[in-house]
S.K.: 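First the structure, which I've put down as structure tokens, then a few questions once you've had a look.
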Amino acid sequence: MLSETVKSWLIGSMGNGGEYAYKAIYWYTLAAVVLAFGIAVVLGGSKRLTQKTKRKILVGICVFQLGFEVLWRVIFVLVRHDSVISCWPTYPCNLGGILIPILALTDTKRGKQLFYLFGFIGGVLTFAMPDGIFCSDVMTFPILKSILQHTGLLLIPGFEYANRSYRSSLRDLGWTICGALVHVVNCEVISRMLGFTEDYMFFRSGLPFVIPGVPQYITLSVFAIIVFAILSFLCNTDDSIRFIRELRIVGKKKKHVSI
């Protein structure tokens with residue numbers, strides 16, 4: 001039997017409830033996440049470590065992430081008595097927290113093109129705008145769960161980027177948009193079919209880039225595509241420039257043929 005203290009920590013009732021975003025607990029967490037990300041990037045980019053060692057580090061991160069995804073669901077079902085269906089990954093970051101470590105373990109290039117950049121951006125935005133995460137002044141398990149989930153979205157792509165084992169390019173923009181559409185289907189179709197009703201894709205929430213009179217799903221979609229394009233270009237400028245030149249050559253050939 002669990003003690004009341006352990007149980008209250010696991011279910012999240014410990015401490016004083018409230019919104020503690022941008023308070024002490026948030027800043028300590030952010031510092032720890034930035035430190036972990038920095039370590040991952042340094043290890044991934046280290047020339048002293050062999051590729052075999054780096055692969056072991058990446059596998060360790062991924063196995064931990066997947067193991068934790070299973071662990072928190074078991075705890076929520078057995079201790080909080082949540083329904084099994086409530087453990088469905090409704091939010092994009094929830095789904096990314098499962099897909100990204102699997103893609104890293106299987107080294108699936110197409111899957112990385114679909115989900116890596118989107119997941120990384122989601123992790124950054126979550127820590128920049130941590131709405132609903134820091135709901136207590138104590139690091140309860142539900143808060144820790146959200147932190148570790150989103151940290152994985154940063155560490156895995158960051159490690160692979162530094163290791164040059166995968167870098168998103170403007171060439172991958174179409175696949176990144178397709179990956180975002182997969183999340184839309186999960187959030188707006190599958191989750192609705194399972195009985196969930198919240199705004200998991202943030203199409204109807206009050207966000208900073210809202211334009212009065214324009215549906216938020218339009219502004220969010222346009223903004224997302226622009227961000228995808230810019231970051232894809234910056235992540236791999238050489239290949240992105242080659243891709244742009246290839247498009248120009250193809251365009252000139254088509255124009256020449258039409259004439």
Side-chain angles (χ1 to χ4, degrees), residues 1-40 60-101 118-159 183 186-187 191 194 196-202 205-208:
M1 295 294 292
L2 297 174
S3 67
E4 288 301 316
T5 301
V6 173
K7 187 175 181 179
S8 63
W9 179 75
L10 289 173
I11 66 177
S13 61
M14 180 181 289
N16 299 308
E19 182 55 59
Y20 291 92
Y22 310 112
K23 301 292 179 64
I25 188 174
Y26 164 78
W27 294 115
Y28 286 130
T29 297
L30 185 61
V33 171
V34 170
L35 177 62
F37 179 75
I39 293 174
I61 296 173
C62 294
V63 170
F64 173 83
Q65 287 295 133
L66 290 175
F68 187 75
E69 288 291 337
V70 174
L71 176 64
W72 76 258
R73 285 173 168 83
V74 171
I75 291 175
F76 277 24
V77 170
L78 297 182
V79 180
R80 296 205 325 184
H81 304 295
D82 290 351
S83 63
V84 175
I85 198 66
S86 68
C87 296
W88 179 262
T90 49
Y91 285 100
C93 290
N94 294 152
L95 182 59
I98 297 173
L99 291 177
I100 287 179
F118 185 96
F120 183 82
I121 293 173
V124 171
L125 289 177
T126 297
F127 287 112
M129 299 183 293
D131 183 42
I133 293 179
F134 296 93
C135 53
S136 174
D137 59 348
V138 175
M139 183 64 72
T140 60
F141 182 75
I143 296 176
L144 180 63
K145 184 267 293 187
S146 295
I147 292 170
L148 291 180
Q149 276 187 310
H150 293 93
T151 300
L153 299 179
L154 301 176
L155 297 190
I156 296 172
F159 185 92
H183 285 293
N186 178 59
C187 295
S191 293
L194 295 175
F196 303 110
T197 58
E198 293 185 33
D199 182 19
Y200 301 106
M201 202 67 193
F202 304 104
S205 302
L207 294 176

S.K.: Can you measure from CD1 (Ile147) to NZ (Lys145) and round to the nearest 0.5 angstrom?
M.R.: 11.0 Å
S.K.: Is there side-chain contact between His150 and Phe127, with at least one heavy-atom pair below 4.5 Å?
M.R.: yes
S.K.: Check whether any side-chain heavy atom of Met14 sits under 4.5 Å from a side-chain heavy atom of Thr5, and report yes or no.
M.R.: yes
S.K.: Using 0.5 Å steps for rounding, measure from the CZ atom of Phe196 to the OG atom of Ser86.
M.R.: 6.0 Å
S.K.: Could you go through Leu144 and Trp72, starting from their C-alpha distance and side-chain angles, then the distance that decides it, and tell me whether this counts as side-chain contact (heavy atoms from CB on, under 4.5 Å)?
M.R.: CA-CA 10 Å; Leu144 180 63; Trp72 76 258; over 6 Å; no
S.K.: What distance do Ile61 atom CD1 and Leu155 atom CG have between them, rounded to the nearest 0.5 Å?
M.R.: 5.5 Å
S.K.: Under the rule for salt bridge (Lys or Arg N to Asp or Glu O under 4.0 Å), what residues qualify as partners of Asp199, not counting sequence neighbours?
M.R.: Arg204
S.K.: Check whether any side-chain heavy atom of Cys187 sits under 4.5 Å from a side-chain heavy atom of Thr90, and report yes or no.
M.R.: no
S.K.: For Tyr28, does the OH atom sit with more than 12 other heavy atoms under 6.0 Å from it, leaving out its own atoms?
M.R.: no
S.K.: From Leu99 CG over to Leu66 CG, what is the distance, rounded to the nearest 0.5 angstrom?
M.R.: 10.0 Å
S.K.: Taking side chain as C-beta onward, heavy atoms only, is Val6 less than 4.5 Å from Leu10?
M.R.: yes
S.K.: Under a 4.5 Å cut-off applied to non-hydrogen side-chain atoms, are Phe120 and Ile156 in contact?
M.R.: no
S.K.: Find out whether Leu153 and Ile100 are in side-chain contact, i.e. whether some heavy atom of one side chain is under 4.5 Å from a heavy atom of the other.
M.R.: yes
S.K.: Can a donor-acceptor pair be found between the side chains of Asn94 and Trp88 at a distance below 3.5 Å?
M.R.: no
S.K.: Please check if the number of heavy atoms outside Asp131 that lie under 6.0 Å from its CG is greater than 12.
M.R.: no
S.K.: For the residue pair Gln149 and Glu69, confirm or rule out a side-chain donor-acceptor distance under 3.5 Å.
M.R.: yes
S.K.: Walk me through it: do Ile133 and Thr126 pass the test side-chain contact (heavy atoms from CB on, under 4.5 Å)?
M.R.: CA-CA 9 Å; Ile133 293 179; Thr126 297; 3.4 Å; yes
S.K.: Does some side-chain heavy atom of Ile39 sit less than 4.5 Å from a side-chain heavy atom of Phe159?
M.R.: no
S.K.: Answer yes or no: is there a side-chain heavy-atom contact under 4.5 Å between Cys87 and Val77?
M.R.: yes
S.K.: For Ala21, give me all partners under side-chain contact (heavy atoms from CB on, under 4.5 Å), at least two apart in sequence or on another chain.
M.R.: Glu19, Pro130
S.K.: Going by the angle between their ring planes, with limits at 30° and 60°, are Tyr22 and Tyr26 parallel, tilted or perpendicular?
M.R.: perpendicular
S.K.: Looking at Ser191 and Asn186, would you say the former's side chain and the latter's main chain have a donor-acceptor pair under 3.5 Å?
M.R.: yes
S.K.: Would Arg80 count as a cation-pi partner of Phe76, with NZ or CZ less than 6.0 Å from the six-membered ring centre and within 45° of the ring normal?
M.R.: yes
S.K.: Hey, is the main chain of Glu4 close enough, under 3.5 Å, to the side chain of Ser8 for a donor-acceptor pair?
M.R.: yes
S.K.: Who pairs with Cys135 by side-chain contact (heavy atoms from CB on, under 4.5 Å), at least two apart in sequence or on another chain?
M.R.: Ile143
S.K.: Between His183 and Phe118, what is the ring plane arrangement, given parallel below 30°, perpendicular above 60°, and tilted in between?
M.R.: parallel
S.K.: Any side-chain to backbone donor/acceptor pair from Trp9 onto Met139? Under 3.5 Å, distance only.
M.R.: yes
